[in-house]
Q: 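Sharing a structure, written as structure tokens. Questions coming.
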Amino acid sequence: METAGRAWPLSPGQERLWFLSRFAPGDTGYHTPWCVRLRGPLDPDALGAAFTRIAERHEVLRTRFRMVADTPAQIVLPPSPVSVERIAIPGVPAVPDPEHAASEHADTEGVEGVERALAAFVNRPFDLENGPPLRAGLIRLGEDDTLLCIVLHHIVVDGWSLDVLMRELAECYAARREGREPELAELPTQYPRHAARERERDHTAHLAYWTGRLTGAPVLGLPADHPRPPRWTGNGGREHLLLPPEDVVPLERLARQLRCTSFMALLAAYQAVLGGAAGQHDFCVGVPVAGRSASELAPLIGYFGNTLALRADLSGDPTFRELLLRVREVTLSAMRHADTPFEVVLAALRVPRDISRPPLCQAMFNLHNLPKGDLIRTSIGDLDAEHYPAPPTAHTKAEISMDVWRGPEGLGGVLDYSGDLFTPATARRFADAFADVVRRAGADPDRPLSELS
């Protein structure tokens with residue numbers, strides 16, 4: 001199935017990310033990092049061989065993105081070794097080879113040195129035209145204590161893909177250490193072939209739904225602290241959020257009573273805060289979906305994700321209960337048309353290009369499932385493994401974006417925001433307002449929105 005050397009079309013989603021990378025080469029908002037702390041006698045050569053095997057197996061990881069006859073294309077290069085970088089911290093030796101004695105623990109340099117080195121590694125821009133869209137690096141923390149950082153460009157990966165990557169990394173590393181072939185099922189297809197099929201799909205029927213739903217949707221006009229730059233930079237900041245279980249359970253109970261999901265209830269709360277801040281009852285919120293409707297896509301690494309533009313309707317100062325029912329109807333109907341690429345929808349709507357802001361959806365919302373399975377596996381071969389929080393990329397894809405997850409400790413989340421538009425204090429007030437609406441809506445869902453936000 002090897003497609004090396006051939007020019008393949010980009011999927012619609014890839015084409016948008018390619019355009020954005022050309023528009024702002026220094027924007028690292030579409031970097032996807034994953035870090036793992038490894039305890040035990042690490043074999044760097046076996047780790048490099050494992051990454052090499054995975055890149056040989058998944059063509060998208062050895063793809064370059066170049067102009068071919070005035071059209072962006074993906075070129076699959078022949079397999080070649082993947083090097084694992086040693087990330088240096090001043091005063092601390094890099095990952096040694098087995099012949100050298102262990103050094104003092106990296107804590108002597110301080111946690112800040114590790115974090116700075118890690119942030120620099122994560123935020124180093126990719127050269128998608130000439131370089132690989134994946135890099136891996138190691139930071140030595142101490143004897144038999146190493147930090148592995150993997151960074152991929154979103155143009156070749158999504159959240160689902162990270163789980164695939166970590167599963168195959170563990171198997172390939174273990175196989176190399178044990179002197180055997182890795183036990184991996186043959187892939188049913190490759191991402192470039194999927195992209196070619198995606199370009200050929202007829203979306204006419206579904207586009208009628210999206211154009212009918214989204215035509216005339218206004219821009220979300222959140223009051224900004226700073227003048228809007230003439231050109232979108234992606235420069236961003238982040239605020240954290242944590243609501244204890246007792247603050248979230250009443251809202252979840254309400255959602256079940258109304259045959260809604262927790263996602264719908266939290267999205268309604270987010271819409272209420274956005275509408276109150278902007279003084280608008282009509283706007284769109286972008287929601288990511290997996291985009292893997294065919295079973296053959298499940299084992300692939302690649303960018304399959306899509307964005308659904310969900311139009312909010314806060315007209316008439318509804319109660320939160322009524323807003324939640326509106327959100328339910330919009331979400332369920334949108335999911336029936338979720339395979340239509342966001343980029344195709346934008347083209348059909350003929351949204352006027354405004355390089356100062358993201359198109360159609362200035363706000364994003366996502367409820368994540370907590371990582372499980374291979375993504376937070378506890379071992380890689382003979383090494384103990386533990387997920388290590390990656391540093392933020394210091395860039396944002398939207399003017400304001402809320403990512404939340406439900407765990408035993410309650411509702412955690414992060415609010416990413418445009419640093420060009422908002423101060424940290426404004427972002428903090430917005431995060432707090434969201435938490436207040438979640439609490440108040442759960443306690444009294446029949447209060448109108450004007451009394452909630």
Side-chain angles (χ1 to χ4, degrees), residues 3-4 6-34 51 54-55 57-68 70-77 82 121-136 149-165 187 189-199 232-234 236 286 288-292 297 299-307 341-347 358-359 361 364 366 390 393-398 401:
T3 57
R6 174 176 167 181
W8 292 84
L10 275 59
S11 70
Q14 281 185 316
E15 188 167 354
R16 178 172 62 92
L17 295 182
W18 173 86
F19 171 79
L20 291 172
S21 72
R22 298 281 291 248
F23 178 76
D27 187 345
T28 60
Y30 289 96
H31 287 196
T32 304
W34 190 257
F51 278 111
I54 295 169
R57 176 174 163 81
H58 294 273
E59 295 174 1
V60 72
L61 297 181
R62 45 191 168 88
T63 294
R64 305 295 184 266
F65 297 86
R66 298 169 179 166
M67 293 294 292
V68 176
D70 298 326
T71 302
Q74 47 187 328
I75 313 294
V76 180
L77 300 190
V82 175
F121 186 76
V122 167
N123 286 285
R124 192 172 76 209
F126 283 99
D127 179 358
L128 295 177
E129 183 175 359
N130 301 301
L134 160 116
R135 61 174 172 262
C149 182
I150 306 166
V151 189
L152 304 104
H153 196 284
H154 201 16
I155 202 168
V156 299
V157 75
D158 52 21
W160 184 306
S161 298
L162 287 178
D163 197 65
V164 176
L165 176 66
L187 296 178
T189 187
Q190 289 285 342
Y191 187 86
R193 295 179 183 275
H194 161 77
R197 289 195 300 268
E198 191 67 22
R199 302 295 301 196
W232 175 260
T233 69
V289 291
R292 296 186 187 232
L297 304 181
L300 299 187
I301 292 174
Y303 175 47
F304 297 91
N306 194 21
T307 299
F342 180 66
E343 297 72 26
V344 174
V345 173
L346 288 178
C361 300
M364 299 287 291
N366 195 13
T393 62
H395 284 80
T396 180
K397 307 176 186 69
S401 179

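Just so you know, these numbers use all the heavy atoms, side chains as well, and skip hydrogens, waters and symmetry mates.
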Q: Does Pro299 reach the side chain of Leu187, with side-chain heavy atoms less than 4.5 Å apart?
A: yes
Q: Please confirm whether His154 and Tyr303 have ring centers closer than 6.0 angstrom.
A: yes
Q: Look only at the side chain of Asp27 and the backbone of Ser21, and say whether a donor-acceptor pair between them is shorter than 3.5 Å.
A: no
Q: Look at the aromatic rings of Tyr191 and His194 and report parallel, tilted or perpendicular, splitting at 30° and 60°.
A: tilted
Q: Closest heavy-atom contact between Pro341 and Pro12?
A: CB-CB, 3.9 Å
Q: CG/Leu134 to OG1/Thr63 distance, rounded to the nearest 0.5 angstrom?
A: 11.5 Å
Q: Donor-acceptor check, side chain of Arg199 to backbone of Leu10, threshold 3.5 angstrom: yes or no?
A: yes
Q: Could you check Leu162 against Ile150 for side chain to side chain contact (heavy atoms under 4.5 Å, CB included), going step by step and ending with a plain yes or no?
A: CA-CA 10 Å; Leu162 287 178; Ile150 306 166; 5.9 Å; no
Q: Would Arg64 and Asn130 satisfy side chain to side chain contact (heavy atoms under 4.5 Å, CB included), going step by step from the backbone distance to the final call?
A: CA-CA 6 Å; Arg64 305 295 184 266; Asn130 301 301; 5.7 Å; no
Q: CG of Asp163 to CH2 of Trp34: how many Å apart, nearest 0.5 Å?
A: 9.0 Å
Q: Report the residues that fulfil side chain to side chain donor-acceptor pair (under 3.5 Å) with Arg66, sequence neighbours left out, ordered by chain and then residue number.
A: none
Q: Quick one: list whatever passes side chain to side chain donor-acceptor pair (under 3.5 Å) with Arg135, sequence neighbours left out.
A: none
Q: Between His395 and Tyr30 (judged by ring centroids, cut-off 6.0 Å), do the two rings come close enough to count as a pair?
A: no
Q: When you compare the side chain of Arg197 with that of Thr189, does any pair of heavy atoms fall below 4.5 Å?
A: yes
Q: So which heavy atom on Ala290 is nearest to which on Trp160, and how close?
A: CB-CE3, 4.3 Å
Q: Excluding sequence neighbours, so at least two apart, what forms side chain to side chain donor-acceptor pair (under 3.5 Å) with Arg22?
A: none
Q: Just how far is it from atom SG of Cys361 to atom NZ of Lys397, taken to the nearest 0.5 Å?
A: 14.0 Å
Q: Just verifying a value: how many Å separate Thr32 OG1 and Ile155 CD1, rounded to the nearest 0.5 Å?
A: 11.5 Å
Q: Has the side chain of Asp158 got a donor or acceptor atom that lies under 3.5 Å from a matching backbone atom of Phe304?
A: yes
Q: Before giving the answer on side chain to side chain contact (heavy atoms under 4.5 Å, CB included), spell out for Leu152 and Leu165 the whole-Å C-alpha distance, their side-chain angles and the decisive distance to 0.1 Å.
A: CA-CA 11 Å; Leu152 304 104; Leu165 176 66; 4.1 Å; yes
Q: Work out which heavy atom in Ala195 is nearest to a heavy atom in Ser11; give both atom names and the distance.
A: CB-N, 3.6 Å
Q: Check the pair Ile54, Ile301 against side chain to side chain contact (heavy atoms under 4.5 Å, CB included), reporting the backbone distance first and the verdict last.
A: CA-CA 10 Å; Ile54 295 169; Ile301 292 174; 4.2 Å; yes
Q: Measure the spacing between CZ of Arg16 and OG1 of Thr307 and express it to the nearest 0.5 Å.
A: 5.5 Å
Q: Would you find a donor on one side and an acceptor on the other, under 3.5 Å apart, between the side chain of Thr28 and the backbone of Pro125?
A: no
Q: Can you name the closest pair of heavy atoms from Leu297 and Gly291 and give their distance?
A: CD1-O, 4.4 Å
Q: Side-chain contact, heavy-atom cut-off 4.5 Å: Val60 with Gln190?
A: no
Q: Are any non-hydrogen side-chain atoms of Met67 and Trp18 less than 4.5 angstrom apart?
A: yes
Q: For residues Val82 and Pro132, determine if any side-chain heavy atom of one lies less than 4.5 Å from a side-chain heavy atom of the other.
A: no
Q: Once rounded to the nearest 0.5 Å, what's the spacing between atom CZ of Arg57 and atom CG of Leu300?
A: 9.0 Å
Q: Could you report the tightest heavy-atom contact between Thr396 and Gly236, atom names first, then the distance?
A: CG2-CA, 4.1 Å
Q: Is there a donor-acceptor pair closer than 3.5 Å between any side-chain N or O of Gln74 and the backbone N or O of Ala7?
A: no
